[in-house]
> 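My questions will all concern the structure given below.
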Amino acid sequence: MAPHDPLTLPKERCVEFLSSLEIPIAGPVSTGAGEVEYRIAPPGEMILDGYVNSAISPVRFPYPQTQILWRYSQNGEPRFTPEDQSLRMAIFGIRSCDVTAFRYLEHFFDRPPAETTFLDAASKILLVSIACNEPGENCFCVCCDGGPFLEGGFDVQLTDLGDRFLFEIGSDRGAEAARRAGGMLKAASEADRTRRERLAEEALDKFGITSHMATGIRKLTSRRVAEELWARLAARCIECGGCAFVCPICTCFDVADMCDGESNGRRERTRDCCQYAGYSREASGFNPRPDKVSRFKRRFYHKLSFFYLQQDGRHGCVGCGRCVSACFGGVDMPAVVNAIRSERIEADA
């Protein structure tokens, strides 16, 4: 796609812009309890600024907790019918970390054999992101190449300039959205571009959490993490699965066939968690990871080892901070990575 010069969109015309897309739009809406969730709603109900992120990532639209893959019928000749639950839609106000998660999942599900249920759904979604001028207290995307501003991967990236948004086009879908906006968009001035760069630089200094991912990747890949450290960290895990269910790029799932009567049924995919004792158990009853320590260690090897980085295109964290909020035991991603790093420093002392 040919590069596009940045534009500006007045905030008071944002609802008009979203309406011009003429498709269902999911965006940040107040829950009434001081939090936001992404749900399909009229554009006028959506929050334009002053929020950090939702507890559950908007990747749930193409990759929900439970998803029907296909239905079957055994009346006469067996028939299998794919269940198309995808929807042509836009997600407005999605944060940079979740845009990065979308692209990770596209890469993951496109590996042979490609899983078309997710890919078909994701291909119909326009991502209109808002860069993060103010990261949340649990955010650490700056450590994970997940934000707070993106150089690519988005369809449209908005930057809050006060009374207007800087409007960057990152894909053909984004260009089509700009075409629909028509006269609402104006060419960005040099001052607008300069301010965008200044806001991006200022945002980097506002993060309260650091996660030394490079150290974690090196040590896990070379298997230089002491078993005693794994045991100490795993002891704090209560195996609730919260980390996996809020993580936008966890891909563990289970599949089950469900009956809808004597001759009909459906196959469902349900998101699962590798920390559960039954996740790795085989049909024979053998479990290659029978204890909590081995399961805990496996989760972080999958997230951080260089083998998976090569296979999946990036390491398994976008720095959204949801695991920090969800983990009762304080063994979230930055806590574990920093414990691994501290162990190295103590060993070198």
> Evaluate the side-chain proximity of D312 to R111: yes if any heavy-atom separation is below 4.5 Å, no if none is.
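Side-chain contact under 4.5 Å: yes.
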> Rounded to the nearest 0.5 Å, how far does CG of N287 lie from OG of S280?
5.5 Å
> If every non-hydrogen atom of M46 is compared with every non-hydrogen atom of A41, which pair is closest and at what distance?
CE-O, 3.2 Å
> Looking at R180, I'd like to know if its CZ atom is crowded, meaning that more than 12 non-hydrogen atoms belonging to other residues, nucleotides or ligands lie closer than 6.0 Å.
yes
> Is there a side-chain contact between K303 and C247 in this structure, where contact means two heavy atoms from C-beta onward sitting under 4.5 Å apart?
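SC-SC contact between K303 and C247 confirmed.
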> Any chain of hydrophobic side-chain contacts (each under 4.5 Å) joining L48 to L7?
yes
> For E262, is the CD atom crowded, meaning more than 12 foreign heavy atoms sit under 6.0 Å from it?
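It does not: E262 CD has 12 such atoms or fewer within range.
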> More than 12 foreign heavy atoms under 6.0 Å from CD of E239: is that the case here?
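Buried by this count: over 12 neighbours within 6.0 Å.
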> Starting from the C-alpha separation in whole Å, work towards a yes-or-no answer on side chain to side chain donor-acceptor pair (under 3.5 Å) for R322 and N53.
CA-CA 9 Å; R322 291 184 175 97; N53 212 342; 3.2 Å; yes
> Output side-chain donor-acceptor pairs under 3.5 Å for residues 196-203, partner residues at least two apart or in another chain, one line each.
| unit_1 | atom_1 | unit_2 | atom_2 | d |
| --- | --- | --- | --- | --- |
| R196 | NE | E168 | OE2 | 3.3 |
| R196 | NH2 | L150 | O | 3.4 |
| R196 | NH2 | E168 | OE2 | 3.4 |

> Using every non-hydrogen atom in the two residues, find where P24 and I40 come nearest and quote the distance to one decimal.
CB-CG2, 4.3 Å
> Please examine the side chains of C320 and C139, heavy atoms only from C-beta on, and report whether any two atoms are closer than 4.5 Å.
no
> Between D332 and R236, is there a side-chain N and carboxylate O pair less than 4.0 Å apart?
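No, no charged N to carboxylate O under 4.0 Å.
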> Using every non-hydrogen atom in the two residues, find where F61 and A26 come nearest and quote the distance to one decimal.
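That closest heavy-atom pairing would be CZ-CB, 3.5 Å.
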> I'd like to check V318 versus M333 (side-chain heavy atoms, cut-off strictly below 4.5 Å). Are they in contact?
no
> Are the side chain of S123 and the backbone N or O of D120 linked by a donor-acceptor pair below 3.5 Å?
yes
> Can we say E176 and R173 salt-bridge, meaning some charged N sits less than 4.0 Å from an Asp/Glu carboxylate O?
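Here E176 does not pair with R173 in a salt bridge, since their nearest N and O are not under 4.0 Å apart.
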> Quick one: are S129 and F92 in side-chain contact, heavy atoms under 4.5 Å?
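Heavy-atom side-chain distance check fails, nothing below 4.5 Å.
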> Which of parallel (below 30°), tilted (30 to 60°) and perpendicular (above 60°) describes F17 and F167?
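If you compare the ring of F17 with that of F167, the planes turn out perpendicular.
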> When rounded to the nearest 0.5 angstrom, what distance separates CG in L87 from CD1 in I125?
8.0 Å
> Indicate yes or no: does E268 engage R266 in a salt bridge with an N to O separation below 4.0 Å.
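Yes.
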> Is the backbone of S294 close enough, under 3.5 Å, to the side chain of D291 for a donor and an acceptor to pair up by distance?
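Indeed, once roles are kept as given, a pair shorter than 3.5 Å links the two residues.
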> For P28, does its backbone N or O pair with a side-chain atom of R39 as donor and acceptor, under 3.5 Å?
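Checking the backbone N and O of P28 against the side chain of R39, no donor-acceptor pair under 3.5 Å is found.
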> Do C327 and C243 come within less than 4.5 Å of each other through their side chains, counting heavy atoms only?
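They are not in contact (no side-chain heavy atoms under 4.5 Å apart), so the answer is no.
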> Would you confirm whether K292, through its side chain, and C237, through its main-chain N or O, come within 3.5 Å as a donor-acceptor pair?
yes
> Side-chain heavy atoms under 4.5 angstrom apart, residues restricted to Ile, Leu, Val, Met, Phe, Trp, Tyr: same cluster for V15 and V36?
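The answer is no; the residues belong to distinct hydrophobic clusters.
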> Let me check something: do L304 and F307 share a hydrophobic cluster, defined by ILVMFWY side-chain heavy atoms less than 4.5 Å apart, either directly or through other members?
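Different hydrophobic clusters.
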> Side-chain contact test, heavy atoms from C-beta onward, threshold under 4.5 Å: evaluate it for I340 versus W230 and give yes or no.
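Yes - at least one pair of side-chain heavy atoms lies under 4.5 Å apart.
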> Quick check for you: to the nearest 0.5 Å, what is the distance between S57 atom OG and F102 atom CZ?
7.0 Å
> Looking at every heavy atom in both A244 and D272, which two are closest together, and how far apart are they?
CB-O, 4.2 Å
> Does R289 reach the main-chain N or O of R298 with its side chain, forming a donor-acceptor pair under 3.5 Å?
no
> Look up atom CG in L220 and atom CE in M213, then write down how far apart they are to the nearest 0.5 Å.
10.0 Å
> Just do the side chain to side chain donor-acceptor pair (under 3.5 Å) check on D254 and T270 with the steps written out, would you?
CA-CA 5 Å; D254 194 9; T270 304; over 6 Å; no
> Under the 3.5 angstrom rule, does the side chain of E115 hit a backbone N or O of T117 as a donor-acceptor pair?
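Confirmed, E115 side chain pairs with T117 backbone.
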> Using only atom types and a distance under 3.5 Å, with no angle test, would you say the side chain of K11 pairs donor to acceptor with the backbone of R164?
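Judged by distance alone, no pair lies under 3.5 Å.
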> Using a 3.5 Å cut-off and no angle test, enumerate the donor-acceptor pairs between side-chain atoms of residues 62-70 and protein atoms at least two apart in sequence or in another chain.
| unit_1 | atom_1 | unit_2 | atom_2 | d |
| --- | --- | --- | --- | --- |
| Q65 | NE2 | R271 | O | 3.1 |
| Q67 | OE1 | R269 | NH2 | 2.7 |
| Q67 | NE2 | P62 | O | 3.4 |

> Is it true that the NZ or CZ of R223 lies under 6.0 Å from the centre of Y301's six-membered ring and within 45 degrees of the ring axis?
yes
> Set out, in order, the CA-CA distance, both residues' side-chain angles and the distance that settles side chain to side chain donor-acceptor pair (under 3.5 Å) for T8 and D192, then state yes or no.
CA-CA 8 Å; T8 59; D192 291 328; 4.9 Å; no
> By ring-ring contact (aromatic ring centres under 6.0 Å, His included), which residues pair with Y51, not counting sequence neighbours?
none
> Determine yes or no for a side-chain-to-main-chain donor-acceptor pair under 3.5 angstrom, with Y276 supplying the side chain and C240 the backbone.
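Yes, because the side chain of Y276 sits within donor-acceptor range (under 3.5 Å) of the backbone of C240.
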> If you group Ile, Leu, Val, Met, Phe, Trp and Tyr by side-chain heavy-atom gaps below 4.5 Å, do I238 and V331 land in one group?
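No.
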> Say you draw a straight line from CG of D110 to CG of L105; how long is it, rounded to the nearest 0.5 Å?
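So the CG of D110 and the CG of L105 are separated by 12.0 Å.
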> Which residue in the set H107, H302, H315 passes ring-ring contact (aromatic ring centres under 6.0 Å, His included) when paired with Y308?
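Output: one option passes, namely H302.
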> State, yes or no, whether a side-chain contact exists between L126 and I91 at a heavy-atom distance under 4.5 Å.
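With C-beta onward as the side chain, the pair stays apart.
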> Counting distance only, does the side-chain N/O of S171 pair as donor-acceptor with the main-chain N or O of G174 below 3.5 Å?
yes
> Other hydrophobic cluster members with V246, side-chain heavy atoms of Ile/Leu/Val/Met/Phe/Trp/Tyr under 4.5 Å, chained?
I56
> State the OH-SG distance between Y279 and C252, to the nearest 0.5 angstrom.
3.5 Å
> Got a sec: does the NZ of K206 have more than 12 other heavy atoms crowding it under 6.0 Å?
yes
> With distance as the sole test, does S284 use its side chain to make a donor-acceptor pair with the main-chain N or O of F286 at under 3.5 Å?
yes
> Please find the pair of heavy atoms, one from A175 and one from I169, that lie closest to each other, and give the distance.
N-CG2, 3.4 Å
> Check the surroundings of atom CG in N338: do more than 12 heavy atoms from other residues, nucleotides or ligands lie under 6.0 Å from it?
yes
> Please name the pair of heavy atoms, one in P334 and one in C323, separated by the smallest distance, quoted to 0.1 Å.
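Heavy atoms only, the tightest pair is CD-SG, 4.4 Å.
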> Please list all pairs meeting ring-ring contact (aromatic ring centres under 6.0 Å, His included) that have one or both residues in residues 117-157, counting only residues at least two apart or in different chains.
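Residue pairs with at least one partner in residues 117-157: F109-F118.
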> Just jot down the ring-ring contact (aromatic ring centres under 6.0 Å, His included) partners of H212, sequence neighbours excluded, or say none.
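Checked H212 against ring-ring contact (aromatic ring centres under 6.0 Å, His included); zero matches.
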> In terms of hydrophobic clusters joined by side-chain contacts under 4.5 Å, are L166 and V99 together?
no
> L9 vs M184, test: side-chain contact (heavy atoms from CB on, under 4.5 Å). Steps then yes/no.
CA-CA 6 Å; L9 171 68; M184 296 179 230; 4.1 Å; yes
